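Here is the structure we will look at, set down as structure tokens.
Just so it is clear, the structure is predicted and the values come from calculations on it, not from any experiment. By convention in this document, chain letters (A, B, ...) are assigned in the order of the sequence lines, proteins followed by strands, and residues within each chain are numbered from 1.
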2 protein chains.
Amino acid sequence: MLNYTTSEENYIKAIYHLQKVDGMVTTNELAAELESKPASITDMMKKLKAKKLLNYQPYQGFRLTADGTKVALGIIRRHRLWEFFLAEKLKFTWDEVHEVAEDLEHVSNKKLIDKLDEYLGFPRVDPHGDPIPDANGKIEISKKICITELAVNTVSTVASVSDHSSEILELLEHKKIAIGTKVEVKKKFEFDNSLEIKINRQPVITISEQLAKNIFVYTS
Amino acid sequence: MLNYTTSEENYIKAIYHLQKVDGMVTTNELAAELESKPASITDMMKKLKAKKLLNYQPYQGFRLTADGTKVALGIIRRHRLWEFFLAEKLKFTWDEVHEVAEDLEHVSNKKLIDKLDEYLGFPRVDPHGDPIPDANGKIEISKKICITELAVNTVSTVASVSDHSSEILELLEHKKIAIGTKVEVKKKFEFDNSLEIKINRQPVITISEQLAKNIFVYTS
DNA sequence: AAATAAATTTAGACAAATCTAAATTTATTT
DNA sequence: AAATAAATTTAGATTTGTCTAAATTTATTT
Ligand SMILES: [Mn+2]
Ligand SMILES: [Mn+2]
Ligand SMILES: [Mn+2]
Ligand SMILES: [Mn+2]
């Protein structure tokens with residue numbers, strides 16, 4: 001496996017995340033994501049195409065090749081393993097890990113990452129509940145739905161939270177909701193789309209639509 | 001504290017290590033150390049001087065300012081903490097840690113490093129026995145002498161080993177010599193400068209001049 | 001189907017870090 | 001004190017990654 005610059009890696013990772021949603025990624029989309037300019041995107045797309053990491057025809061958008069996807073999964077593996085390390089071992093809070101992992105992910109020594117993985121006990125998800133690809137780039141995609149879609153009176157487990165800010169973390173901690181928490185929706189209100197939910201055997205609590213939209217649970 | 005590029009950091013660190021020996025560092029010396037060309041050194045020296053990290057007059061050599069030294073100690077702190085982490089937690093061998101730490105040292109998040117330090121139990125020396133600067137950049141300089149200088153029949157402790165290769169590690173492991181091992185020189189041979197030494201209460205063993213020159217012990 | 005708007009690419013510029021080759025300064029020898 | 005050698009700097013080029021502004025292509029309206 002060749003090595004890529006930090007800049008190349010940031011483009012590859014961003015494309016990977018955008019194409020999960022879109023399929024095909026556009027120049028302006030990627031420029032917005034990376035907070036850079038469309039002209040810079042075009043330049044890098046030519047380079048990644050030359051390296052066979054990208055399918056790209058001028059004006060037609062782009063997507064990663066199989067090789068490009070492998071590279072992306074390697075970066076995401078490093079990112080999420082470091083996030084896990086920071087949270088689990090160094091006791092960083094949930095909202096702090098991402099920024100530091102953004103730098104650590106670019107240290108791409110294979111042995112370092114595989115030994116780190118082993119040291120951490122081969123964690124399957126990062127502190128936000130996102131899956132960690134294994135050493136072969138295999139990623140476990142669990143079926144998840146937003147808690148707003150969960151049927152009433154069905155117990156499920158919180159799988160991930162899509163917003164990673166300190167503000168949502170504060171609220172979730174206050175309400176004692178974390179990754180892995182067992183939850184059950186008791187009532188849905190049409191007026192404001194708020195939910196009443198139960199956590200284990202505690203009294204029902206209310207969560208707003210804004211909060212609910214960010215909480216995903218396993219469909220089991 | 002400002003941030004510096006990986007390239008700037010590598011220059012600063014190399015100057016720090018060279019001036020320990022020399023006092024003043026020269027262009028050619030630094031070019032050799034960094035495996036680059038004199039012209040590149042001059043370019044970077046101008047930049048570091050402009051940033052007030054370096055005292056430099058054309059043709060007169062250079063040395064770090066107080067600010068430059070602080071920056072250097074920060075880099076060395078990160079490098080050695082990561083080396084300790086790799087050896088202690090990830091079970092890397094002694095000769096493998098340096099290369100990986102060369103990359104990790106450039107991730108300069110203050111909180112990351114201070115939390116890592118705490119997690120590791122505030123280690124005072126890295127796996128090679130070199131001192132780790134604390135969060136304030138204070139470095140504990142222990143008085144050391146080469147084992148070749150140690151008086152006969154005086155027990156001392158192995159403080160550090162200057163060669164970091166896998167070859168010397170293999171030999172040291174075979175002879176059961178490590179950082180912290182108590183040693184006593186029993187006899188010195190003038191013919192080949194080999195030494196007979198005792199480790200704890202075990203039978204004497206012989207070490208060659210080449211090996212002895214790389215072993216340093218605390219003077220106490 | 002033009003005309004207009006939006007998206008994208010191209011052209012040309014710039015900063016960082018590096019190099020080679022030439023010029024300059026300092027050190028060493030005769 | 002010249003002459004020569006060694007060390008260092010300068011000049012000019014190259015690569016990577018970025019940008020602005022202009023040109024081009026594609027999409028959307030009239
Ligand atoms: Mn993240
Ligand atoms: Mn994450
Ligand atoms: Mn080292
Ligand atoms: Mn070391």
Under a 4.0 Å heavy-atom cutoff, the residues of residues 27-41 of chain B touching DNA chain D are T27(B), N28(B), P38(B), A39(B)
| said: Quick test of your reading of the model: are E105(A) and K13(A) salt-bridged, counting only N-O distances below 4.0 Å? | reply: yes
Rounded to whole Å, CD of Q60(A) lies from C1' of dT8(C) at a distance of 11 Å
Q | Cationic N near anionic O, under 4.0 Å, E96(B) to K115(A) | A | no
Verify the contact: side-chain N or O of T5(A) to OP1 or OP2 of dT16(D), cut-off strictly under 4.0 Å; return yes or no. no
Applying the 3.5 Å cut-off to both distances, the Watson-Crick or G-U partner of dA22(D) turns out to be dT9(C)
To the nearest angstrom, the OH-P distance between Y59(B) and dA6(D) comes to 17 Å
Atom NZ of K46(A) and atom C1' of dT15(D) are separated, to the nearest Å, by 16 Å
Checklist entry - Taking 4.0 angstrom as the limit, do D43(A) and K37(A) come out as a salt bridge? => result no
Tabulate below the donor-acceptor pairs under 3.5 Å that side-chain atoms of residues 51-60 of chain A make, not counting sequence neighbours, or state none.
| unit_1 | atom_1 | unit_2 | atom_2 | d |
| --- | --- | --- | --- | --- |
| K51(A) | NZ | E8(A) | OE2 | 2.7 |
| Q57(A) | OE1 | K49(A) | NZ | 3.0 |

Check: Are OP1 or OP2 of dT18(C) and a side-chain N or O of S7(B) less than 4.0 angstrom apart?
Finding: yes
Taken to the nearest whole Å, CD/Q57(B) to C1'/dT9(D) is 14 Å
Answer for the Watson-Crick or wobble partner of dT28(C), both distances under 3.5 Å, is dA3(D)
- Message: So, does Y11(B) get its side chain near the phosphate of dT18(C), meaning an N or O under 4.0 Å from OP1 or OP2?
- Response: yes
Between CG of D43(A) and P of dG12(C) the distance, given in whole Å, is 14 Å
M44(A) atom CE is separated from dT10(C) atom P, nearest whole Å, by 16 Å
Any side-chain N or O of Y4(B) below 4.0 angstrom from OP1/OP2 of dA16(C)? no
query = Contact class for F62(A) vs. all strands (heavy atom < 4.0 Å): base, sugar-phosphate, or nothing?
reply = nothing
Just checking F85(A) against F85(B), ring centres under 6.0 Å apart?
yes
Taking a pair to mean Watson-Crick or G-U wobble geometry with both distances below 3.5 Å, dT15(D) pairs with dA16(C)
N10(A) CG to dT16(D) P, in whole Å, measures 17 Å
**Prompt:** Would K111(A) and E99(B) pass as an ion pair if we require N to O under 4.0 Å?
**Reply:** no
Flag the pair R80(B) and D117(B) as a salt bridge only when some basic side-chain nitrogen lies within less than 4.0 angstrom of an acidic carboxylate oxygen.
no
Atom CD of E8(B) and atom P of dA16(C) are separated, to the nearest Å, by 9 Å
